[in-house]
Number of protein chains: 2
Amino acid sequence: MSTPTARDRLIGAAQDLFAVQGVGPTSPRAVLTASGVGQGSLYHHFPTKHDLAVAAVGANVDQALAQAMRTLGSDSPAIERLVAYLERPRDALAGCKIGRLTADQAVMDDDGLRDVLDAYFVRLLGVVTGIFRETGLPDDVARDRAHAALAIIQGGYVLARATQDPDALTAAVRGFVGLLTQKEHP
Amino acid sequence: MSTPTARDRLIGAAQDLFAVQGVGPTSPRAVLTASGVGQGSLYHHFPTKHDLAVAAVGANVDQALAQAMRTLGSDSPAIERLVAYLERPRDALAGCKIGRLTADQAVMDDDGLRDVLDAYFVRLLGVVTGIFRETGLPDDVARDRAHAALAIIQGGYVLARATQDPDALTAAVRGFVGLLTQKEHP
DNA sequence: GTCTATAATTCGATAGAC
DNA sequence: GTCTATCGAATTATAGAC
């Protein structure tokens, strides 16, 4: 544990660099420099950049899903779980480690990597849709609202980065939660 | 008109390539190949890639703002204008020409380019906030809802690209508009 | 398994003829 | 103003010693 393997150090360095810069702009050389291993070690463990990217992006997705489930999967009432997830502190100016990659051409052109992104959002959409169904909404409405909830987060990141204002994300969340929690009288 | 100048052809080609690939991954060489001009012409009109990017991204922003104002600035009632903007047909799988660039490190590291993105969203936020104020909402609530509305579009693009499903964007919009148009009883 | 050295290509940018 | 030719540095990846 105190001496991680070269493979683990490569994945860790790649996770950080891909989250900050994206996959395309991050060179294998940058990863091995940050990890402190030699050139040959990288290409021994990960023959191509694709292999390294699948491993590192997959690790980021696993960690993000685990963290999301800490709020979404708690034992609080449905809407409270969702609001807790939406209002969770986020590094708005950094952007979403996963969502950002949808703008990364190197990711979108790689079937394996796209599948990793797809799995992340399909999983989250399923969980959030289930939460809205718990509140008694019909399936199609629950699904639409789940899309809206996740879009608020992803779009809030975009607004925050564009305006260099972290509060753009929290403002979007406030606006959405305000609509969500107003009383409905159909 | 039938024979655009080399400068205009360069900007046009750059607008398309930057919208599809982002600025970072698009080489000046790719732009001049797509535009059909020679190497020297590009560097005559745009000494650096930065100069070309500011011109082309600026042109995309101007066009996007003009199109947005066609719905947001019409003479319909406030909420109708907003809903028309939200429901406008969009190429969801292509992503937002402007919003996508917030994930482009080459853009975010360039002050001039970041200012162009910032101006686009600040302008849109101002207009949409004004629309919500027309409906009688207090300033702070109007501003939060404006952030939410634009986040829905940007986040909807992200979801659509990640899941390769254009309906993810329309679902997010439906979910948000459904919340917006439900009766409020404070 | 890990290292150094280096190959082949592409990058952004420049030189200089016309 | 536009062109071809080319520079130096960076890219992804391979070779081969240890």
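Values in this document were obtained by computation on a predicted structure and should not be read as measured data. Only this structure's heavy atoms are used, side chains among them; waters, hydrogens and symmetry mates stay out.
- A donor-acceptor pair under 3.5 Å links the side-chain atoms of A/Asp104 to the main chain of A/Gly24, judged by distance alone.
- Atom CG in A/Asp8 sits roughly 14 Å away from atom C1' in C/dG1 (whole-Å rounding).
- In this structure a side-chain-to-backbone donor-acceptor pair under 3.5 Å is present from A/Asn60 to A/Gln15.
- At distances below 3.5 Å, at least one donor-acceptor pair connects side-chain atoms of A/Asp51 with backbone N or O atoms of A/Thr48.
- Residue order along DNA chain D, read from the 5' end via each residue's closest nucleotide, puts B/Arg7 first among A/Pro47 and B/Arg7.
- Looking at the side chain of B/Ala6, the nearest of the listed nucleotides C/dT2, C/dG12, D/dT2 is D/dT2.
- No donor-acceptor distance shorter than 3.5 angstrom exists from the side chain of A/Arg133 to the backbone of A/Pro138, with no hydrogens or angles considered.
- If you take CG of A/Leu32 and C1' of C/dA5, they are 14 Å apart, rounded to a whole angstrom.
- Within the 3.5 Å criterion, the main-chain N or O of A/Thr129 finds no donor-acceptor partner in the side chain of A/Arg143.
- Taking atom OH on A/Tyr43 and atom C1' on C/dT4, their separation rounds to 15 Å, with Å as the unit.
- To the nearest angstrom, C1' of D/dA13 lies 15 Å from NE2 of A/His50.
- C/dG1 atom P lies 13 Å from atom CZ of A/Phe46, rounded to whole Å.
- OP1 or OP2 of C/dT2 sits under 4.0 Å from a side-chain N or O of A/His45.
- Contact check of residues 16-29 of chain A against DNA chain D (heavy atom, cut-off under 4.0 Å) returns A/Thr26, A/Ser27, A/Pro28, A/Arg29.
- We find that CG of A/Leu42 is positioned 13 Å from C1' of D/dT14, with the value rounded to whole Å.
- Geometrically, B/Arg90 engages B/Tyr85 in a cation-pi contact defined by less than 6.0 Å to the ring centre and at most 45° from the axis.
- Spacing between atom NE2 of A/His44 and atom C1' of C/dT4 amounts to 17 Å, rounded to whole angstrom units.
- Under the 4.0 Å criterion applied to side-chain N and carboxylate O atoms, B/Glu134 and B/Arg81 are assigned as salt-bridge partners.
- Put simply, CD on B/Gln39 is 9 Å from P on D/dT4, counting in whole angstrom units.
- Checking the phosphate oxygens (OP1, OP2) of D/dG1, no side-chain nitrogen or oxygen of B/Ser41 falls inside 4.0 Å.
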